[in-house]
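Here's the structure we're looking at; comments come further down.
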Amino acid sequence: MNKKDILIGFIVGVTANTIGTLLYILLFSDFGIIDTFKAAIAQEHIGSLLALGAILNLVAFFGFLRLKRDHRARGVMMATILTALVILYYKVF
């Protein structure tokens, strides 16, 4: 049961990060989604874009904690750590 809950939390975390990134692009960018990603990669700001999208993980994390779903919150934390590692990769390389 615990592994299933962690997997659900991980999927929710990745989905929340994706939705957060797309929502940020749609609300604050003058370009489309593809053009914004291309510009972020060209200007080396893709890590910042992903970090702003990860803000939505806070809602999922604290929502699961409030509902006493600690293992799902752990999965969201794992997705956030994965995002941090991807951001670190883009910043270093």
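The figures here come from the full heavy-atom set of this structure, side chains too, leaving out hydrogens, waters and symmetry mates.
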Can you check whether [X] reaches [Y] side chain to side chain, under 4.5 Å on heavy atoms?
X: L49; Y: I25; value: yes
X: Y89; Y: L85; value: no
X: F28; Y: L52; value: no
X: L82; Y: F10; value: yes

Interatomic distance, [X] atom [atom1] to [Y] atom [atom2] [nearest 0.5 angstrom]:
X: M77; Y: T80; atom1: CE; atom2: OG1; result: 6.0 Å
X: N2; Y: D70; atom1: CG; atom2: CG; result: 10.5 Å
X: I8; Y: R72; atom1: CD1; atom2: CZ; result: 4.0 Å
X: H45; Y: K91; atom1: NE2; atom2: NZ; result: 8.0 Å
X: T21; Y: I55; atom1: OG1; atom2: CD1; result: 9.5 Å
X: L26; Y: F31; atom1: CG; atom2: CZ; result: 14.0 Å

Check the hydrophobic clustering (I, L, V, M, F, W, Y; side-chain heavy atoms under 4.5 Å; chains of links allowed) and say if [X] and [Y] are grouped together.
X: F64; Y: L7; answer: no
X: I11; Y: M78; answer: no
X: V14; Y: L22; answer: no
X: L27; Y: F37; answer: yes
X: I19; Y: Y24; answer: no

Minimum-distance pair of heavy atoms, taken over all atoms of [X] and [Y]:
X: A73; Y: L65; answer: CB-CD2, 3.8 Å
X: S29; Y: T36; answer: OG-OG1, 2.8 Å
X: N57; Y: A16; answer: OD1-CB, 3.3 Å
X: I87; Y: L50; answer: CG1-CB, 4.0 Å

Neighbour count >12 (heavy atoms, 6.0 Å) for atom CD1, I34 |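 Open: at most 12 neighbouring heavy atoms sit under 6.0 Å from CD1 of I34.
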Polar side-chain atom of N17 near backbone of A54 as donor-acceptor pair, under 3.5 Å: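 Yes.
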